[in-house]
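Step one of this worksheet: look at the structure below.
Along the sequence shown, residues carry numbers from 1. In this text, all values refer to a predicted model and were calculated from it rather than measured experimentally. Side chains included, hydrogens not; waters and symmetry mates left out as well; all remaining heavy atoms used.
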Amino acid sequence: MDEVLAELARRCADGDAVGLATVVETWRSAPHPAGAAMLVGPDGAVTGSVSGGCVEAALHDACREAVRTGRPALLRFGVTGADAFAAGLTCGGTIEVYVERVDRAGFPELPALAGAVRAGTAAAVLTCVQGPPGRLGRRIVAGPEGHHGSLGDPRLDGAALAAGRRLLAAGRSGPVRLPPAGPGAAQQVKVLVRSYPPPPRLIVCGAIDVAAELARIGVVLGYRVTVCDARAVFATARRFPQAREVVVDWPHRYLAAEAEAGRLDGRTAVCVLTHDPKFDVPVLRLALGLPLGFVGAMGSRRTHHDRLGRLREAGVTEAALARLSSPVGLDVGGRDAAEIAVSIAAEIVAVRHGRAGGRLRDATGSIHG
């Protein structure tokens, strides 16, 4: 579970009131995206971050003030001006942050949210961060179907839920602007959608040394890692302690079963590390026909060209082959298992964010995309 949500659930269960600062919206080169959060406990202890340190001190004070007064605030931080000691961002970006008091009485939906996230079920918190005083701070906790809570008006709830579920399906957090609700209402309502999608999946085919290192990095990156290999002597939990599952099966059969069960999506990454045609070709043929986020295969240039020929013979189209990252990984010169795993993980991250993976010093434009 997200560390801030876990701490929030623990604190509220203990009866504490905490301050919570959540990024609502960002402009230009902001350090963290919408949904990033920082919690300040009654003892002043901090969990999480919203700006990598630039405005945390100011938000720490704002969180404690929100706890003391019960009044939320929507704050904006940009580039610092003449006052060198003023809170601001040195990166040139701007962030908008919602600061609020959270306690058990004011967030009765929290146990349902924490339970859903713990169980790996998609959920989102929809919080009114701007609007009439009577609506400010109201929340809905929504899943793909049901929901708990209300923003105070059925029409507003319906519009917010529709927009929130679209963001949740995409695995994104961010603001939603809604028209005024209710007779005589004139003020636009802004709702922050904080999405908690299930972790994306990383399926590693081939129980080799690189797979063990890739599993370790995948967990750090927030993936649910599965290692699959038909060879039971290699596919053991002892060799892959970081993996959520270690499956003894032919990779193409396992992938087909997961697709049939609806457990794969556009965030799923599949890495084929076996460089053995009898394993590679069937699973790559299947994977390249699925709407996955990343499909990669390890091997030398010679193995790669041989593999392409076999896949063409198996009926894989050129359009599908264009989706294959092979040889997988960025060109970082790595040789040992850990370095190769770093290069593969780096390419997965780059593809996820639509980047080529070059050196930042040689690039122009926004660093964070």
Side-chain angles (χ1 to χ4, degrees), residues 1-3 5-6 117-122 171 195-276 279-280 283-284 286-288 290-299 323-330 332 334 336-353 357:
M1 193 192 301
D2 172 271
E3 66 167 351
L5 178 60
V117 173
R118 196 176 293 113
T121 303
S195 291
Y196 295 92
R201 298 195 63 186
L202 171 58
I203 300 175
V204 183
C205 304
I208 66 172
D209 55 349
V210 175
E213 300 298 335
L214 186 56
R216 190 192 319 275
I217 298 171
V219 170
V220 172
L221 292 175
Y223 283 88
R224 171 187 163 185
V225 179
T226 300
V227 175
C228 179
D229 198 307
R231 301 166 297 182
V233 67
F234 297 115
T236 66
R238 182 183 63 80
R239 295 188 69 223
F240 302 97
Q242 282 80 22
R244 176 79 69 87
E245 302 101 1
V246 179
V247 177
V248 179
D249 198 354
W250 283 79
H252 71 281
R253 290 198 312 203
Y254 173 73
L255 198 66
E258 293 300 285
E260 179 67 23
R263 290 191 284 264
L264 309 178
D265 59 26
R267 300 180 302 144
T268 301
V270 173
C271 291
V272 179
L273 308 182
T274 45
H275 47 265
D276 183 332
F279 293 109
D280 293 3
V283 71
L284 287 173
L286 174 62
L288 291 171
L290 296 172
L292 307 178
F294 182 90
V295 180
M298 192 172 73
R323 297 180 50 230
L324 176 61
S325 293
S326 173
V328 69
L330 297 186
V332 298
D336 65 22
E339 291 178 337
I340 293 169
V342 166
S343 79
I344 295 171
E347 186 183 11
I348 292 172
V349 172
V351 169
R352 186 174 70 195
H353 294 290

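When the side chain to side chain contact (heavy atoms under 4.5 Å, CB included) test is applied to Glu245, the partners found at least two apart in sequence or on another chain are Arg201, Arg224, Thr226, Val247. A search for side chain to side chain contact (heavy atoms under 4.5 Å, CB included) contacts involving Leu324 returns Leu284, Leu288, Val295, Ala297, Leu308, Leu311, Ser326, not counting sequence neighbours. By the salt bridge (Lys or Arg N to Asp or Glu O under 4.0 Å) test, Arg323 is found to be paired with no residue, residues two or more places apart in sequence or in another chain being considered. Under the side chain to side chain donor-acceptor pair (under 3.5 Å) criterion, Asp336 pairs with no residue at all, not counting sequence neighbours. By the side chain to side chain donor-acceptor pair (under 3.5 Å) test, Arg231 pairs with Asp229, sequence neighbours left out. Under the rule for a ring pair (Phe, Tyr, Trp, His ring centres under 6.0 Å), the partners of Phe279 that lie at least two apart in sequence or sit in another chain are Trp250. For Asp280, the side chain to side chain donor-acceptor pair (under 3.5 Å) criterion is met by Thr274, Arg307, not counting sequence neighbours. Residues satisfying the salt bridge (Lys or Arg N to Asp or Glu O under 4.0 Å) test with Arg263, not counting sequence neighbours, are Glu258. Every side chain to side chain contact (heavy atoms under 4.5 Å, CB included) that Ala346 has, sequence neighbours left out, goes to Leu330. The side chain to side chain donor-acceptor pair (under 3.5 Å) test applied to Tyr196 returns no partner, not counting sequence neighbours.
Val117 is not listed as a side-chain neighbour of Asp2, based on a closest heavy-atom distance of 4.5 Å or more. For the pair Arg253 and Cys228, the minimum side-chain heavy-atom distance is 4.5 Å or more. In this structure, the side chains of Pro251 and Val272 stay at 4.5 Å or more apart for every pair of heavy atoms. You'll find the side chain of Val328 reaches within 4.5 Å of the side chain of Glu347, heavy atoms only. Side chains of Phe234 and Val227 form no contact here, defined as non-hydrogen atoms less than 4.5 Å apart.
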Side chains of residues 204-219: which donor-acceptor pairs under 3.5 Å do they make with residues two or more places apart or in other chains?
| unit_1 | atom_1 | unit_2 | atom_2 | d |
| --- | --- | --- | --- | --- |
| Glu213 | OE1 | Arg216 | NE | 3.4 |

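Atom CG of Leu290 is separated from atom OG1 of Thr268 by 9.5 Å, given to the nearest 0.5 angstrom. Distance CG/Leu5 to CD/Glu3: 11.0 Å, rounded to 0.5 Å. To the nearest 0.5 angstrom, Leu292 atom CG is 7.5 Å from Ile203 atom CD1.
The heavy-atom pair separating Leu202 from Cys271 by the smallest distance is CD1-SG, 4.1 Å. Residues Ser343 and Val332 come closest through the heavy atom pair CB-CG2, 3.6 Å. Closest heavy-atom contact between Pro199 and Gly222: CB-O, 3.4 Å.
The side chain to side chain donor-acceptor pair (under 3.5 Å) contacts involving residues 235-244 comprise nothing, where partners must be two or more places apart or lie in separate chains.
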